[in-house]
Amino acid sequence: MSRTLVKAALAATAPADSILLQGWVRTRRDAKAFSFLEINDGSCLKGIQVIADAGLPDYVHIQKANTGAAIEVRGKLVPSQGQGQQWEVVAESFKILGEADATYPLQKKGHTLEFLREIAHLRPRSNLFGAVFRVRSRLAFAVHQFFQDRHFHCVHTPIITASDAEGAGDMFRVTTLDLAHPPMTEDGAVDVTKDFFGKKTFLTVSGQLEGEIFAHALSNIYTFGPTFRAENSNTSRHAAEFWMIEPEVAFCDIHGNMDLAEEFVKYLIRDARTHCAADLEFFSKFVDKDLLTRLDFVLERPFQRCSYTEAVAILEKSGRTWEHPVSWGANLQAEHERYLTEEHFKCPVTVYNYPRAIKAFYMRKNDGETPERQTVAAMDLLVPGIGEIIGGSQREERLDVLREGMALHHLDEKAYSWYLDLRRYGSVPHAGFGLGFERMLMFVTGVGNIRDVIPFARTPGTADF
RNA sequence: UGCCCGGUAGCUCAGUGGCAGAGCAGGUGACUGUUAAUCACUUGGUCGUAGGUUCGACCCCUACCCGGGCAGCCA
C-alpha cells in the first residue's frame with residue numbers, strides 16, 4: 001500500500017477503505033476504550049486525527065505514541081463524528097517507527113522563538129516553522145517561475161571570488177593554508193601564491209558583476225544563490241549567510257528596473273497568497289494580526305516612488321527631530337526609511353537617484369547635474385516593518401564615466417579589466433537589483449527575525465547545526 | 001561594535017537581604033468522541049559562571065558568558 005500524505009487525506013472527497021499514514025505524533029488523548037492521535041507529516045499545517053480502539057492488538061504499544069514519536073497507521077478514512085475536522089482515520093493497525101520519550105522538547109503548547117532557535121533541528125516540526133519553510137520552498141519556486149515566464153535565464157554565478165573590493169561589505173576569506181604555520185614570503189608576509197587558488201579568495205557578497213557579463217550575452221538573466229557578508233551585524237534583519245536574487249537586464253534603465261522590482265515583489269506576495277493560504281492564515285492568527293490586510297493592500301496599490309532629493313525634502317518638512325540629522329548628501333538612516341514607508345507614504349516606496357558619493361562605483365551617473373548635487377541612478381525599495389528589501393541601480397555603461405567612478409572610489413582598474421571590457425565591446429544600458437530572499441519571507445510571513453525564516457541561521461558568534 | 005533589557009524546574013514566568021514558587025510538560029489514577037481535552041494526586045532546582053559585600057545573597061556590587069531589542073553596516 002502506498003503512503004497517503006496528510007494533506008491529501010484531509011482533502012479527500014470520499015471515504016477510503018484502506019489508507020497508510022506515516023508521520024509524527026503531535027498529541028495523544030486517551031479515554032478508557034480508545035485513544036485519539038493527531039498525526040502531522042509536514043505536508044500541510046494541519047494534522048489528521050486517528051482513532052485507535054483499545055481492542056486493537058497493537059494497543060499495548062499506544063503508550064509509546066508520545067508527542068514527537070514517528071508512527072505508521074493503516075486504517076479507514078471516514079467522516080469524523082467529532083467537531084473540528086471533516087475526516088479522520090480509524091486505525092486498524094499501527095506501528096511505532098521511532099519512539100520519543102518525555103525529554104522531547106516540543107510541547108503541546110506555544111514556545112518562544114528564542115527557545116526554538118536553540119533546537120533548530122526540531123523546530124521544523126512545530127506549526128510555525130513548518131509553515132515558514134513551506135512558504136520558503138514555495139517562494140523559491142515562484143522566483144524561478146516569475147523569471148522563466150518572462151524569458152530570463154538563470155545564471156549560477158560563483159560562490160568563491162577573487163575580487164576583494166566589490167563594495168558590498170566585509171568578506172569571508174576562503175583558504176586552505178595552515179593558519180598555524182602559513183607559508184611566508186621573504187619580507188614576512190603570508191605567501192598567498194601558495195594558497196589553493198594562488199591568490200586571496202573570498203565568499204561572494206554579490207553575483208552582480210558576473211551577472212552583468214551574462215546580461216551582455218543572454219539579455220535577461222537572474223541569479224539566486226547564497227551570499228555571504230562578514231559584517232558584525234547584530235540585528236533582526238541581518239545574517240552572515242543569506243540568499244539573494246539578482247536580476248540583470250540589458251537594454252534597461254532605472255525606470256524599467258523599478259518596474260521589474262515592483263512587479264516581482266507583488267508576484268511573490270500574490271503567489272504566497274494563492275498557494276500558501278493556510279500557512280499565511282496561521283501567521284495572521286499567531287504572528288501578525290494585520291498580515292493579510294497589509295499584503296492585500298500592498299498588492300492593490302502602486303508602490304510610491306520618490307527621488308532621494310524629494311525624500312530629503314519630505315524628511316526636512318516632517319517636523320520630526322531625528323537622531324541622525326537629515327541633509328542632502330547623507331545616507332538615509334533606518335529612522336528616515338521607516339518614516340517614509342510607514343508614516344509618510346504608508347506603503348512600499350522606491351527611493352531613487354542617490355548622491356554619487358555614497359553609492360557604489362558601478363552605478364550610472366545621471367546627466368545634467370551640478371557636481372555638488374551629482375546623483376547616480378540607484379534605487380532602494382523600502383517596505384513597512386523591514387526597511388530595505390531591494391537595492392539596485394542602472395549600471396554605468398560608458399567606459400570613460402565608469403573609469404572616472406573607479407578612480408573616485410580608489411579602485412584598481414587592473415582588477416576589473418574584464419568588467420571594463422564589457423564597456424569596450426558592445427556596451428549597452430543595463431540595470432539590475434538584489435532582493436534579499438529572507439527579508440522578502442519576513443515581509444510575507446510577518447515573522448520579525450531573519451533567524452526564523454532561514455533553516456539554520458549564521459550570525460556573528462553562531463554557526464550551529 | 002555601541003547602548004539598553006534579560007538569564008530562577010524540561011518550557012513560560014513570579015519572587016524577596018532571612019525555609020525555592022505557579023502554570024504547562026512529565027508520572028500515577030479517573031473519565032463513553034476528545035481536539036493546546038478535563039479532573040484528582042504527584043516527581044522535578046548548581047536561581048548563567050566566577051569573585052566580592054554581609055551574621056546571612058536568588059536578591060546588593062564587579063567581571064565574564066549566553067540570549068534578546070535598538071543603532072551602525074546592508075539585502
Side-chain angles (χ1 to χ4, degrees), chain A residues 26-39 46-54 63 66-68 78 80-85 88 90 100-119 126-127 166-170 205-208 226-246 261 265 286 322-324 331-338 358-360 379-383 386-392 433-443 448-454 459-462 464:
Chain A
R26 279 295 178 79
T27 178
R28 190 186 82 233
R29 296 175 289 274
D30 296 328
K32 191 174 232 174
F34 46 83
S35 290
F36 293 107
L37 299 164
E38 186 186 333
I39 309 296
K46 295 190 82 158
I48 191 163
Q49 175 159 286
V50 172
I51 297 157
D53 190 272
Q63 294 301 326
N66 294 325
T67 301
V78 301
S80 177
Q81 298 170 33
Q83 303 295 310
Q85 60 277 316
E88 63 188 18
V90 177
D101 68 15
T103 62
Y104 182 66
L106 283 173
Q107 298 173 10
K108 294 183 278 189
K109 62 168 213 162
H111 287 289
T112 61
L113 297 176
E114 290 80 4
F115 171 68
L116 291 167
R117 259 172 234 154
E118 291 169 11
I119 51 165
S126 68
N127 285 331
E166 292 181 19
D170 294 336
V205 293
S206 167
Q208 179 203 318
T227 310
F228 307 89
R229 304 273 168 92
E231 303 283 357
N232 190 8
S233 298
N234 291 290
T235 81
S236 55
R237 54 191 193 285
H238 287 86
E241 177 182 306
F242 63 99
W243 286 63
M244 188 156 65
I245 297 117
E246 296 181 284
V265 165
F286 292 105
W322 304 105
E323 192 180 330
H324 301 85
N331 228 326
L332 296 182
Q333 302 297 316
E335 58 175 336
H336 308 139
E337 296 183 343
R338 289 182 71 102
I358 58 171
K359 286 294 180 180
M379 59 169 234
D380 283 350
L381 173 57
L382 314 174
V383 298
I386 296 166
E388 184 176 347
I389 198 169
I390 281 179
F433 60 80
L435 169 78
F437 189 52
E438 285 76 18
R439 289 190 181 173
M440 187 68 209
L441 283 166
M442 290 169 71
F443 189 66
N449 194 310
I450 198 167
R451 288 174 270 242
D452 298 325
V453 295
I454 192 164
T459 52
T462 305
D464 299 327

Walking RNA chain B from its 5' end, the first of A:Ile450 and A:Glu323 to be reached, judged by nearest nucleotide, is A:Glu323
Checking all strands, does A:Gly82 fall into the base, sugar-phosphate, or nothing category for heavy-atom contacts under 4.0 angstrom?
-> base
* With sugar-phosphate meaning primed atoms plus P, OP1 and OP2, does A:Thr27 contact a base, only sugar-phosphate, or nothing at under 4.0 Å between heavy atoms? -> sugar-phosphate
**Note, A:Ile454 side chain near A:Leu441 side chain (heavy atom, < 4.5 Å)** = no
Applying the 3.5 Å cut-off to both distances, the Watson-Crick or G-U partner of B:rG17 turns out to be none
* **Check: B:rG33 base within 3.5 Å donor-acceptor of A:Glu88 side chain** => yes
When rounded to whole Å, the CD1 to P distance for the pair A:Ile454 and B:rA75 reads 16 Å
Checking B:rG33, B:rG67, B:rG72 against the side chain of A:Phe34 (C-beta onward), the nearest is B:rG33
| At under 4.0 Å between heavy atoms, what does A:Thr459 touch on the DNA or RNA strands: base, sugar-phosphate, or nothing? | nothing
Presence of donor-acceptor pair under 3.5 Å, side chain of A:Gln81 and base of B:rG33 | yes
Here the distance between atom C1' of B:rA71 and atom CG of A:Asn331, to the nearest Å, is 14 Å
task = Using only heavy-atom distances, decide whether a donor-acceptor pair under 3.5 angstrom links the side-chain of A:Arg29 to the base of B:rC31.
result = no
Residue-phosphate contact under 4.0 Å: A:Arg237 side-chain N/O, B:rA71 OP1/OP2: yes
For B:rC64, the nucleotide meeting Watson-Crick or G-U wobble distances (both under 3.5 Å) is B:rG48
**Message:** Tell me whether the side-chain N or O atoms of A:Asp30 pair up with the base of B:rU34 as donor and acceptor below 3.5 Å, since no angle test is needed here.
**Reply:** no
When only distance counts, do a donor and an acceptor, one from the side chain of A:Ser233 and one from the base of B:rC73, lie under 3.5 Å apart?
-> yes
(request) Tell me, with the steps shown, if A:Asn127 and A:Arg26 meet side-chain contact (heavy atoms from CB on, under 4.5 Å). (result) CA-CA 10 Å; A:Asn127 285 331; A:Arg26 279 295 178 79; 2.7 Å; yes
If you look at every strand shown and take non-hydrogen atoms under 4.0 Å, does A:Ser236 touch a base, only sugar-phosphate, or nothing?
sugar-phosphate
Any strand, both distances under 3.5 Å, Watson-Crick or G-U wobble: B:rA71 pairs with B:rU1
Decide yes or no for A:Thr235 and A:Ile450: does some side-chain heavy atom of the first lie under 4.5 Å from some side-chain heavy atom of the second?
no
Taking the side chain as every heavy atom from C-beta outward, state whether A:Leu381 and A:Val265 have any atom pair closer than 4.5 Å.
-> yes
- Task: Check every strand shown and say whether A:Ala102 touches a base, only sugar-phosphate, or nothing at a heavy-atom separation below 4.0 Å.
- Result: sugar-phosphate
* Validation row: A:Met440, A:Val383 side chains within 4.5 angstrom (heavy atoms) -> no
Side-chain contact check for A:Asn234: nearest option of B:rA71, B:rC74, B:rU34 is B:rA71
- Task: Side-chain contact test, heavy atoms from C-beta onward, threshold under 4.5 Å: evaluate it for A:Phe242 versus A:Arg229 and give yes or no.
- Result: yes
Partner of B:rU53 under the Watson-Crick or G-U wobble criteria, both distances under 3.5 Å, comes out as none
Next on the checklist: Donor-acceptor pair, distance only, cut-off 3.5 Å: does the side chain of A:Glu335 make one with the backbone of A:His324?
Outcome noted: yes
If you compare every side-chain N and O of A:Arg451 against the phosphate oxygens of B:rG68 (OP1, OP2), does one of them come in below 4.0 Å?
yes
When both distances are under 3.5 Å in a Watson-Crick or G-U wobble arrangement, the nucleotide paired with B:rC58 is none
The residue, A:Asn232 or A:Lys32, whose nearest nucleotide of RNA chain B is more 5′ is A:Asn232
Picking from B:rG68, B:rC73, B:rG33, the nucleotide nearest the side-chain atoms of A:Glu114 would be B:rG68
A:Gln63 atom CD is separated from B:rG29 atom C1', nearest whole Å, by 12 Å
Problem set entry | Polar pair under 3.5 Å, donor/acceptor by atom type, side chain A:His111, base B:rC11 | no
Separation of B:rC74 atom C1' from A:Gln333 atom CD, nearest Å, is 12 Å
For this session: Could you tell me whether the side chain of A:Lys109 has a donor or acceptor atom within less than 3.5 Å of a complementary atom in the base of B:rC11?
Result: yes
* Within the structure, does a side-chain N or O atom of A:Gln107 lie under 4.0 Å from either OP1 or OP2 of B:rG26? -> no
In whole angstroms, the gap separating C1' of B:rC73 from CD1 of A:Ile386 amounts to 18 Å
*Is there ring stacking between A:Phe242 and B:rA75, where the centres must be under 5.5 angstrom apart and the planes under 30 degrees?*
yes
So, A:Thr27 versus A:Lys108: side-chain donor-acceptor pair below 3.5 Å or not? yes
Discussion item. Salt bridge check, A:Asp464 against A:Arg117: does any charged N sit closer than 4.0 Å to a carboxylate O?
Written reply: no
Worksheet item: Within the structure shown, what part of the strands sits under 4.0 Å from A:Thr112 by heavy-atom distance: base, sugar-phosphate, or nothing?
Response: sugar-phosphate
> Which is true for A:Ile51 with a 4.0 Å heavy-atom rule: it touches a base, it touches only sugar-phosphate, or it touches nothing?
Replying inline: base
For A:Gly110, which contact category applies under a 4.0 Å heavy-atom criterion: base, sugar-phosphate, or nothing? base
Mate of B:rA9 across any strand shown (Watson-Crick or G-U wobble, both atom pairs under 3.5 Å) is none
When only distance counts, do a donor and an acceptor, one from the side chain of A:Arg229 and one from the base of B:rA75, lie under 3.5 Å apart?
yes
Counting only side-chain N and O atoms of A:Asn449, is one of them less than 4.0 Å from OP1 or OP2 of B:rG69?
yes
- Query: Do A:Glu231 and B:rU1 have a side chain to base donor-acceptor pair shorter than 3.5 Å?
  - Reply: no
Scanning all shown strands, the Watson-Crick or wobble mate of B:rC39 with both distances under 3.5 Å is B:rG29
From CD of A:Gln208 across to C1' of B:rC74 the rounded distance in Å is 14 Å
Per atom distances to the A:His324 side chain, the nearest of B:rC74, B:rG72, B:rU34 is B:rG72
